[in-house]
Amino acid sequence: MPDATDRGGPLAPTPAQTIGPFFGHALPFPGGGRIAPEGHPDAVTLHGTVRDGAGAPVADALLEFWQAGPDGGPAAGTPGSLRRDPATGALLGRDGAVFTGFGRVPTDAGGHYAVRTLPPAARPDAAPHLAVCVHARGLLEHLFTRVYFAERTATRAADPLLAQLPAERARTVLARPDGPGRLRFDIRLRQPADGGDEETVFLAFR
């Protein structure tokens with residue numbers, strides 16, 4: 001094996017995070033946060049900050065969103081998000097017209113993310129919500145949670161997941177109004193040692 005001196009000096013250290021995050025190089029796609037069709041009058045902006053157990057923003061997280069459509073029907077899998085150029089294979093991003101129910105966005109240097117989407121309708125078995133998958137440094141496996149809407153109290157009361165959560169834990173999965181057409185949903189990956197903000201409720205699928 002070549003020695004470091006073979007190249008005329010010491011080699012740069014390898015990354016400390018051997019599991020990444022390296023997803024930022026390939027997974028984000030153009031318009032990943034624009035889930036709603038361009039110019040749709042009912043679109044809302046969902047935004048927030050991802051924080052670690054010390055309360056520091058996580059600047060290299062990647063969030064994926066899946067949701068039902070405004071009519072309550074499934075939208076995930078509808079073509080329109082991950083389009084590629086048929087000649088070159090280059091990723092083109094969204095077509096700007098179709099609601100696909102899927103979004104993927106990285107956090108910025110301050111741990112902030114934002115998506116623009118259409119509020120999903122209630123279903124017989126669940127209150128309106130967005131499913132969220134969180135990828136971040138230090139996570140051997142990605143995390144799953146949900147975003148519910150704080151103002152829709154009638155439908156929340158019948159949701160089987162929310163019904164099992166104590167009120168203080170249910171608050172961690174509620175998006176709250178943050179101005180006209182805006183909702184805020186912060187994600188806490190761990191509860192801080194001082195017992196401050198609650199860790200977001202994460203789900204296990206078996």
Side-chain angles (χ1 to χ4, degrees), residues 33 35-36 40 42-53 55 57-58 61-78 99-105 107 111-136 138-206:
I35 305 173
H40 198 292
D42 298 329
V44 297
T45 297
L46 175 72
H47 75 107
T49 301
V50 180
R51 296 186 182 277
D52 62 19
V58 179
L62 186 77
L63 307 181
E64 291 189 341
F65 297 83
W66 297 272
Q67 66 172 98
D71 60 356
T78 302
F99 178 76
T100 66
F102 171 73
R104 181 190 289 152
V105 290
T107 54
H112 185 260
Y113 75 90
V115 296
R116 189 155 178 80
T117 189
L118 300 179
R123 302 200 317 262
D125 59 341
H129 68 273
L130 279 65
V132 185
C133 180
V134 183
H135 305 259
L139 294 180
L140 294 174
E141 295 186 8
H142 39 275
L143 302 173
F144 295 96
T145 188
R146 286 182 175 181
V147 183
Y148 290 92
F149 300 90
E151 71 275 17
R152 300 190 183 182
T153 54
T155 56
R156 282 169 43 205
D159 187 272
L161 173 61
L162 291 177
Q164 299 179 54
L165 297 175
E168 65 275 10
R169 300 295 290 133
R171 282 196 294 269
T172 70
V173 292
L174 297 181
R176 302 191 176 278
D178 189 41
R182 290 170 59 89
L183 297 165
R184 185 172 186 95
F185 181 74
D186 296 323
I187 298 174
R188 173 76 77 164
L189 299 180
R190 283 183 61 187
Q191 183 169 356
D194 63 7
D197 293 340
E198 287 272 351
E199 174 185 323
T200 300
V201 168
F202 296 109
L203 309 176
F205 293 93
R206 305 181 187 281

Mind checking the [atom1]-[atom2] spacing from [X] to [Y]? Nearest 0.5 Å is all I need.
X     : Y      : atom1 : atom2 : result
Trp66 : Arg104 : CH2   : CZ    : 8.0 Å
His40 : Thr117 : NE2   : OG1   : 10.0 Å
Thr45 : Arg116 : OG1   : CZ    : 4.0 Å

Minimum heavy-atom separation for [X] to [Y], with atom names?
X      : Y      : answer
Ala114 : Val105 : O-CG1, 3.8 Å
Ala61  : Val50  : CB-CG1, 4.4 Å
Pro128 : Pro120 : CB-O, 3.3 Å
Leu162 : Ala170 : CD2-CB, 4.4 Å
Gly55  : Arg51  : O-NH1, 2.8 Å
Phe99  : Ala36  : CD1-CA, 4.3 Å

Which donor-acceptor pairs under 3.5 Å do side chains of residues 138-147 form with protein atoms, sequence neighbours excluded?
residue, atom, partner, partner atom, Å
Thr145, OG1, Val201, O, 2.6
Arg146, NH1, Tyr148, OH, 2.8

Quick one: list whatever passes ring-ring contact (aromatic ring centres under 6.0 Å, His included) with Tyr113, sequence neighbours left out.
-> Phe65
Does Thr172 have any side chain to side chain donor-acceptor pair (under 3.5 Å) partners at least two apart in sequence or in another chain, and if so, which?
->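 Listed in chain order: nothing, the list is empty.
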Do the non-hydrogen side-chain atoms of [X] and [Y] ever get within less than 4.5 Å of each other?
X      : Y      : answer
Ile187 : Leu63  : yes
Leu183 : Phe185 : no
Val173 : Leu161 : no

Salt bridge (charged side-chain N to carboxylate O under 4.0 Å, His left out) with Asp186: which residues, sequence neighbours excluded?
-> Arg184
Residues two or more places apart in sequence or in another chain: which of them pass salt bridge (charged side-chain N to carboxylate O under 4.0 Å, His left out) with Arg176?
-> none
Distance-only donor-acceptor check, side chains Asp178 and His47, under 3.5 Å | yes
Arg188 and Thr200: side chain donor to acceptor below 3.5 Å | no
Using modelled atom types only, decide if a donor and an acceptor are shared between the side chain of Thr107 and the backbone of Val58 within a distance under 3.5 Å.
-> yes
Got a donor-acceptor contact below 3.5 angstrom from the Gln67 side chain to the Gly103 backbone?
->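 Judged by distance alone, no pair lies under 3.5 Å.
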Kindly write out the residues that satisfy side chain to side chain contact (heavy atoms under 4.5 Å, CB included) with Pro166, not counting sequence neighbours, or none if the list is empty.
-> Glu168, Arg169
